[in-house]
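Side chains included, hydrogens not; waters and symmetry mates left out as well; all remaining heavy atoms used. Computed from a prediction, not measured in an experiment: that's the story for all the values here.
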Amino acid sequence: MAKLSIRDLDVSGKAVLMRVDFNIPLNDAGEITDDTRIVSALPSIKQLLSSGARLTLCSHLGRPKDESDLKYSLRPAATRLGELLKQDVAFAESCISEQAAAARSALQAGEILLLENTRFFPEEKSNDASFAKTLAGDAEIFVNDAFGTAHRAHASTEGVTHHIAQSAMGLLIERELEFLCDKLESPSSPFLVIMGGAKVSDKIEVITALLNKADTFIIGGAMAYTFRKAQGHAVGDSLVENDKLDLALDILKKAEELNTRFLLPADTRITQEFKNGAETQVTNIYADGGNIPDGWEGIDIGDVAIDEFCAEISQAGTIVWNGPMGVFEIDSFEAGTKAVTEAVAKSSALSIVGGGDSVTAVKKYGLADQVSFISTGGGASLELLEGKQLPGITALTDA
Ligand code: AMP
């Protein structure tokens with residue numbers, strides 16, 4: 001069901017409560033180390049302010065114990081947002097205090113206020129109705145633009161919608177839905193899914209959901225060893241999920257039944273030392289059976305796999321990528337992830353990079369502007385790709 005967007009609303013002079021994702025990384029000195037999430041919210045914020053909204057923002061930050069946990073204060077985000085907007089951003093020290101309510105009702109058209117961390121109260125996560133009602137306050141319109149938490153039914157994402165007349169999505173969520181849902185409804189073929197990262201268990205559901213739709217899967221990262229072990233190969237000291245071996249075999253069988261090509265790396269880069277500059281070797285499925293000796297662990301795909309995977313990427317019509325090919329955070333182990341990033345960036349396919357570490361990789365190699373879309377949500381983007389309803393979106397007003 002299509003949902004109301006801020007494009008559909010007249011917000012002039014209205015009290016608007018917007019949920020943003022300002023869950024930003026801070027260093028020990030309380031300084032913001034990456035303001036991407038604040039920058040991502042700017043289009044919706046600017047549109048609402050220029051249309052005359054009286055705008056109150058709320059967000060969570062980290063996992064605080066309670067209100068005394070001030071290292072999780074959103075005050076640095078208010079300062080940074082003010083610099084980016086070149087406009088005063090007021091700050092309320094509690095998201096549900098009388099002072100916050102007074103500051104909200106005093107807002108004039110085009111003015112903006114940020115509330116303190118909603119997770120200072122446990123009622124945020126438990127989606128407590130009376131907390132949600134106080135947080136909703138005098139708002140006439142609710143806007144959700146926090147895609148990263150849209151898969152959680154919390155007071156600030158779902159609860160408030162029951163106390164506010166109209167609830168709409170912001171421009172960021174609108175774009176996430178456009179790429180992760182609309183454009184994947186009838187993807188240009190070949191539809192290639194690239195999966196990597198640490199664990200199969202995190203991505204089983206998305207793999208299963210996309211097995212029906214994709215033409216080809218490429219599997220890299222540590223999750224490849226769970227598949228290889230399930231096939232009977234030795235994996236040495238590599239990261240493996242021993243309780244997921246049957247599941248890995250089920251996935252391989254299902255791929256065969258569905259005629260979906262499922263490519264595991266033909267060779268693996270292995271090491272005895274998990275550190276930069278470590279000596280590495282390559283074990284190849286064709287040359288030596290691809291078995292990894294004890295005392296060695298797989299940390300990247302090898303050169304044959306790189307060539308095979310990049311050839312697939314160059315022919316794809318649509319690419320969905322989630323998870324690195326190896327331990328790319330360590331320069332000596334980054335070759336596979338780097339090559340795949342460069343191939344995706346070079347490809348003319350519609351390329352969607354879904355959340356988390358593959359986004360970090362794309363940024364590390366300076367190629368973020370060469371892919372079609374980078375999702376701002378890890379868990380939320382996986383759940384959308386799995387075909388699930390996200391509570392923070394389902395709760396919005398139907399268009
Ligand atoms: P995920 O969050 O599941 O996408 O996993 C990302 C993490 O997987 C990154 O921090 C990588 O360093 C890690 N990773 C990728 N390949 C391997 C590997 N072969 N062994 C251990 N960790 C890996």
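Phe179 pairs by the ring-ring contact (aromatic ring centres under 6.0 Å, His included) definition with Phe373, not counting sequence neighbours.
In this structure a side-chain-to-backbone donor-acceptor pair under 3.5 Å is missing from Asp21 to Arg37. Formation of a donor-acceptor pair under 3.5 Å by the Thr134 side chain with backbone atoms of Ser130 is found in this model. Using a distance-only test at 3.5 Å, with no hydrogens or angles considered, no donor-acceptor pair links the side chain of Thr260 to the main chain of Thr216. At least one donor-acceptor pair under 3.5 Å links the side chain of Thr33 to the backbone N or O of Pro25.
Of the charged side-chain nitrogens involved, none lies within less than 4.0 Å of a carboxylate oxygen, so that Glu256 and Lys253 do not count as a salt-bridged pair. A salt bridge is absent between Lys203 and Glu241: the closest approach of a Lys/Arg side-chain nitrogen to an acidic carboxylate oxygen does not fall below 4.0 angstrom. Taking a cutoff of 4.0 Å between a charged side-chain nitrogen and a carboxylate oxygen, Glu329 and Lys364 do not qualify as a salt bridge.
Summarising the geometry of Leu239 relative to Tyr225, their closest heavy-atom pair is O-CD1, 3.6 Å, with the distance given to 0.1 Å. The two residues Ile207 and Phe217 come nearest to each other via the heavy atoms O-CZ, 3.7 Å.
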Yes or no on side-chain contact (heavy atoms from CB on, under 4.5 Å) for Arg261 and Asp215, after CA distance, side-chain angles and deciding distance? CA-CA 6 Å; Arg261 295 168 65 235; Asp215 298 296; over 6 Å; no
Intermediate values then yes/no, salt bridge (Lys or Arg N to Asp or Glu O under 4.0 Å), Glu174 and Lys3: CA-CA 9 Å; Glu174 199 177 24; Lys3 295 294 180 182; over 6 Å; no
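Checking each of Thr268, Asp267, Asn291, Asp288 against Thr283 for a side-chain hydrogen bond (donor to acceptor under 3.5 Å, both in side chains) leaves exactly one that passes, namely Asp288.
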Result block: side-chain N/O donor-acceptor pairs under 3.5 angstrom for residues 346-354, not counting sequence neighbours:
| unit_1 | atom_1 | unit_2 | atom_2 | d |
| --- | --- | --- | --- | --- |
| Ser347 | OG | Ala349 | N | 2.8 |
| Ser351 | OG | Ser372 | N | 3.0 |
| Ser351 | OG | Ser372 | OG | 3.4 |

Check residues 43-51 and write down every donor-acceptor pair under 3.5 Å in which the side-chain atom is one partner and the other belongs to a residue at least two apart or another chain.
| unit_1 | atom_1 | unit_2 | atom_2 | d |
| --- | --- | --- | --- | --- |
| Ser44 | OG | Asp145 | OD2 | 2.7 |
| Ser44 | OG | Leu171 | N | 2.8 |
| Ser50 | OG | Lys46 | O | 3.0 |
| Ser50 | OG | Gln47 | O | 3.2 |
| Ser51 | OG | Gln47 | O | 2.7 |

